[in-house]
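A quick write-up on the structure given underneath.
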Amino acid sequence: MRQFTPTTEVDFVIIGSGAAGGIMAKQLSIAGLKVVVLEQGGWGKYGHEQDYTKDEWLNDNPNDADRLMSDPSRQRNTFRRSDKDKATAGSHSYGCVVGGGTVTYGGSSWRHLPYEFNEATHVGTIAGTGMADWPITYEEIEPYYTKAEWELGIAGQRVNSPFVAPMSQDYPVPPMPLKASGALFKVAASKLGLTVVEGAVAIISKPYMGRSGCVNCGMCSGFGCHVKARSSTAVTMIPAAIKSGNCEVRTNSYVREISTDATGRVTGVTYFDANKREIFQRAKAVVLSANAGESARLLLMSKSARFPNGLANSSGIVGKYLMLGGGASASGLLEHPLNDYKGIVTGAGIVDYVPSDPKRGFYGGGRMTARGFDTPINYALRGLLPGAPRWGAGYKKALQEEATHKMTVSCFVTQLPLETNRVDLDPEVKDDWGLPAMRITSTSHPDDIKNMEFFRQKSIEVLEAAGAKRIFAPPVGDSRGGAHNRGTCRMGNDPKTSVVNKFHRAHDVPNLFIVDGSNLVTGGRNHPTMTIQALAFRAAENIVKAAKAGTLTRL
Ligand SMILES: Cc1cc2nc3c(=O)[nH]c(=O)nc-3n(C[C@H](O)[C@H](O)[C@H](O)COP(=O)(O)OP(=O)(O)OC[C@H]3O[C@@H](n4cnc5c(N)ncnc54)[C@H](O)[C@@H]3O)c2cc1C
Ligand code: SF4
């Protein structure tokens, strides 16, 4: 791998190597630009290239070098529902490894539908929310969805349905085989008059671009893929970036500040290395791809006399309109074994409730997915339905029967963007590096709660129609943080109400680009990653143009 010294002024520092950062690394470096990627996590490979572990205990209790997710006991964060409450210890955790969240994600890769880019116009603004149209249309982003699907390797079935985004090309590989829960979804949907589609996943169903197809090992979401079938940026984009000879990926590099000069331009970044030594890396421009939570936190930590409220924050919008992701679910036991723990997490989705329908009396929509999720230790500790014995022979019998017969419906639904829902810096709590902890303030809008309850009821109906006997549907509630966070640095045309422009350039800082889940103006029906990645390909194309035109440091 190419190495650069910190005193060398590279063309770009990219902060974070995840869903978006990995794409930025590849696209900028293959265009001939000199790139240093600073990733706070490691390679996560247990000593061998791409050899992610399938040991459930080790995966849940990793050594630092093998860690795939952030550790909230050291990267502390706090949570409160509103400004009136005192924030208490939070459990927010996200992919923290080369490849970011894409190393462990379930891989559901739905596109946003065309109207999801202009829902304010489509359904009307909703009182008390920051519902707004995006500065781009579906037509503008569609070619980049296609590019992302083909470059990453997405399996799926192109369908002609009002509930699914239209596509200009097929997926590069066929859909994954239907799981038992998917087949039962079809049985239920035909009884209820609903539509099932085989959802797109970032998991290849057959060999593609030198990678193996999925071998259905069953330890999927939450684990790294040992055969490279999951199309994480760690196995798709990062290797190509390194091969270009223009990119260094520097791991265990935790960025604490983006620095600027007297003219307000970025000069580089300061980070802690593995030994907590501070290092300054010079750069002509910075791409911030640290995810919706960390990107906002880093901007707020990068205060200076010129940017007293944090970098790129003259609008005061940085950190605001956070969407953590709402959901609803129900599980039931079927008469015959499904063995749904095998294979990937999910494939099939019921899509009829994707659009918001005024007849329901609230704003909201979402997708229902059929899934089997639990791995053995997790199942034994948390998977049994309420009422099952937790000790002795009865416990063993319950495990034997339930683990094989359980089907879960998980719904991924809309969450309205509220200005009060945000990431900021906790005034008291610090992380292990002495930096202010991320503080999350979040409460769902009443429509979000009604929507979640709607999907909870629909999940029960679907399970009943599938023939489930004992059904348990946990009560719905606010999310406290997690991997699907979006918003916080929204894109827009007006510098007073957005942080970046439609090409991801910070309104306030010409040579700072923010490209990750933070840019989403509205959250879609959750599952944001395919949109984040299409945006990244589009952003990279425009950033390369700006670099070649010599307009990186001026607007
Ligand atoms: C278990 C799991 C299942 C999921 N399933 C799905 C799914 O099925 N479908 C879907 O759409 N989404 C899913 N997600 C969410 C998905 O992973 C995220 O939407 C996506 O990864 C966000 O992309 P991003 O580029 O914004 O940030 P990330 O992919 O999170 O990348 C950010 C990177 O920046 C690094 N970083 C952060 N701060 C710093 C710093 N200060 N210095 C240096 N590096 C830093 C992080 O370590 C990370 O590697 C899942 C996530 C998890 C964890
Ligand atoms: S189920 Fe398939 S994609 Fe998932 S980790 Fe196993 S082999 Fe990889």
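For ligands, and for the atoms within them, numbers begin at 1 and follow the listed sequence. One-based numbering along the sequence shown.
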(message) Is it the case that ligand 1 has an N or O less than 3.5 angstrom from some N or O of S108?
(response) yes
(message) Is any side-chain heavy atom of L535 closer than 4.5 Å to one of W134?
(response) yes
(message) Quick one, N313 and L299 - any side-chain contact, counting heavy atoms below 4.5 Å?
(response) no
(request) Would you mind listing which atoms of ligand 1 come within a distance below 4.0 Å of any non-hydrogen atom of M69? (result) 53 (C)
(request) Kindly confirm or rule out an N or O of G222 lying under 3.5 angstrom from an N or O of ligand 1. (result) no
(message) Just to confirm my output: which protein heavy-atom neighbour is closest to atom 36 (N) of ligand 1, and how far is it?
(response) Q40 NE2, 3.4 Å
(message) Students often mix this up, so state it plainly: with edges at 30° and 60°, are the rings of Y145 and Y138 parallel, tilted or perpendicular?
(response) tilted
(message) With nothing but distance in play, are any N or O atoms of I532 less than 3.5 Å from an N or O of ligand 1?
(response) no
(message) For E294 and Q40, which I'm curious about, is there any donor-acceptor pair between the side chains at under 3.5 Å?
(response) no
(message) Quick test of your reading of the structure: of M24, H484, R67, whose heavy atom lies closest to atom 14 (N) of ligand 1?
(response) H484
(message) I'd like to check whether E39 has a polar contact with ligand 1, where a contact means an N/O of the residue lying under 3.5 Å from an N/O of the ligand.
(response) yes
(request) Can you measure from OG (S479) to CE (M323) and round to the nearest 0.5 angstrom? (result) 12.5 Å
(message) Do I204 and M209 have side chains that approach each other closer than 4.5 Å (heavy atoms only, starting at C-beta)?
(response) no
(message) Could you identify the single nearest non-hydrogen protein atom to atom 50 (C) of ligand 1 and state the distance to 0.1 Å?
(response) Y105 CB, 3.3 Å
(message) Taking only non-hydrogen atoms of M530, do any sit less than 4.0 angstrom from ligand 1?
(response) no
(message) Distance check, rounded to the nearest 0.5 Å: Y144 atom OH versus T146 atom OG1?
(response) 11.0 Å
(message) Within ligand 1, which atoms have a heavy atom of G106 less than 4.0 Å away?
(response) 3 (C), 4 (C), 5 (N), 6 (C), 8 (O)
(request) Before signing off on this row, confirm whether G41 and ligand 1 have an N or O atom pair separated by under 3.5 Å. (result) no
(request) Please could you name the atoms of ligand 1 that V97 approaches to less than 4.0 Å, counting only its heavy atoms? (result) 49 (O)
(request) Please report which non-hydrogen protein atom sits nearest to atom 23 (O) of ligand 1, along with the residue it belongs to and the distance in Å to one decimal place. (result) A19 CB, 3.2 Å
(request) Say whether T53 and D66, considering side chains only, have a donor N or O and an acceptor N or O under 3.5 Å apart. (result) no
(request) Using a strict cut-off of less than 4.0 Å between a Lys/Arg side-chain nitrogen and an Asp/Glu carboxylate oxygen, indicate whether D11 and K284 qualify as a salt bridge. (result) yes
(message) Please list the nearest protein heavy atom to atom 27 (O) of ligand 1 with its residue and the distance rounded to 0.1 Å.
(response) N291 CB, 3.2 Å
(message) Could you tell me if the side chain of E151 sits less than 4.5 Å from the side chain of P172, heavy atoms only?
(response) no
(message) If the contact criterion is a heavy-atom separation under 4.0 Å, does V201 count as touching ligand 1?
(response) no
(request) Using side chain to side chain contact (heavy atoms under 4.5 Å, CB included) as the criterion, list what pairs up with T267, not counting sequence neighbours. (result) S259, D261, F280
(message) At less than 4.0 angstrom from any non-hydrogen atom of G517, what atoms of ligand 1 do you find?
(response) 26 (O)
(message) Judged on heavy-atom distance to atom 34 (O) of ligand 1, which of G16, A200, S295 sits nearest?
(response) G16
(request) Indicate, as side chain, backbone, both or neither, the part of V345 found under 4.0 angstrom from ligand 1 when only non-hydrogen atoms are considered. (result) neither
(request) Under 4.0 Å from a heavy atom of L38: give me the atoms of ligand 1 that qualify, with their elements. (result) 43 (C), 44 (N)
(message) Which option wins on minimum heavy-atom distance to atom 42 (N) of ligand 1: V98, V255, T346?
(response) V255
(request) Just jot down the ligand 2 atoms closer than 4.0 angstrom to any heavy atom of I203, in number order. (result) 3 (S)
(message) Between ligand 1 and G21, is the shortest N or O to N or O distance under 3.5 Å?
(response) no
(message) Side chain or backbone, does T104 bring an N or O within less than 3.5 Å of an N or O on ligand 1?
(response) no
(request) First locate atom OG1 of T488, then atom CD1 of I317, and finally report the distance between them rounded to the nearest 0.5 Å. (result) 11.0 Å
(request) Check ligand 1 against G95 and write out every atom of the ligand that is under 4.0 Å from a heavy-atom position of the residue. (result) 46 (C), 47 (O), 48 (C), 49 (O)
(request) Determine the interplanar angle of the F412 and H484 rings, folded into 0 to 90°, and report it as parallel if under 30°, tilted if 30 to 60°, perpendicular if over 60°. (result) parallel
(request) Locate the shortest heavy-atom distance separating S410 from R371; write the atom from each residue and the value. (result) OG-CD, 3.1 Å
(request) Would you mind listing which atoms of ligand 1 come within a distance below 4.0 Å of any non-hydrogen atom of A20? (result) 25 (O)
(message) At under 4.0 Å between heavy atoms, is it the side chain or the backbone of A536 that contacts ligand 1, or both, or neither?
(response) neither
(request) Classify the ring geometry between F117 and H112 as parallel (under 30°), tilted (30 to 60°) or perpendicular (over 60°). (result) tilted
(request) Using 2.8 Å as the cut-off, note every protein N, O or S atom close to atom 6 (Fe) of ligand 2. (result) C217 SG
(message) Applying a heavy-atom cut-off of 4.0 Å, say which part of E294 lies close to ligand 1: side chain, backbone, both or neither.
(response) side chain
(request) For atom 5 (S) of ligand 2, grab the closest protein heavy atom and report residue, atom and distance to one decimal in Å. (result) K54 NZ, 3.2 Å
(message) When you compare the side chain of W433 with that of R256, does any pair of heavy atoms fall below 4.5 Å?
(response) no
(request) Measure S253 to ligand 1 on non-hydrogen atoms and call it side chain, backbone, both or neither using the 4.0 Å cut-off. (result) backbone
(request) For ligand 1, note which part of A483 has a heavy atom under 4.0 Å away: side chain, backbone, both or neither. (result) both
(message) Please report the interatomic distance CG(L38) to CG(N252), rounded to the nearest 0.5 Å.
(response) 11.5 Å
(message) I want to confirm something. Looking only at heavy atoms, which of L520, D516, L298, I14 is nearest to atom 24 (P) of ligand 1?
(response) D516
(message) For atom 18 (C) of ligand 1, what's the nearest protein heavy-atom neighbour? Residue, atom name and distance, please.
(response) T529 OG1, 3.5 Å
(request) Indicate yes or no: at least one non-hydrogen side-chain atom of R250 is less than 4.5 angstrom from one of V37. (result) no
(request) Could you say whether the N/O atoms of G101 and ligand 1 ever approach to under 3.5 Å? (result) yes
(message) Between V227 and C217, is there a side-chain heavy-atom distance shorter than 4.5 Å?
(response) no
(message) Any donor-acceptor pair under 3.5 Å linking the side-chain atoms of Y254 with those of D432?
(response) no
(request) Give the atoms of ligand 1, by number and element, whose distance to some non-hydrogen atom of S289 is under 4.0 Å. (result) 32 (C), 33 (C), 34 (O)
(request) Answer yes when R76 and D426 have at least one side-chain N-carboxylate O distance shorter than 4.0 Å, and no when they do not. (result) no
(request) Report the nearest protein non-hydrogen atom to atom 31 (O) of ligand 1: residue, atom name, distance rounded to 0.1 Å. (result) G18 CA, 3.3 Å
(message) Are any of the N/O atoms on G107, whether in the backbone or the side chain, positioned under 3.5 angstrom from an N/O atom of ligand 1?
(response) yes
(message) Are E142 and R111 packed together at the side-chain level, in the sense that at least one heavy-atom pair is separated by less than 4.5 angstrom?
(response) yes
(message) Measuring from atom CZ of R439 to atom OG1 of T78, what distance do you get when rounded to the nearest 0.5 angstrom?
(response) 6.5 Å
(message) Regarding R211 and T236, do their side chains bring together a donor and an acceptor under 3.5 Å, going by distance alone?
(response) no
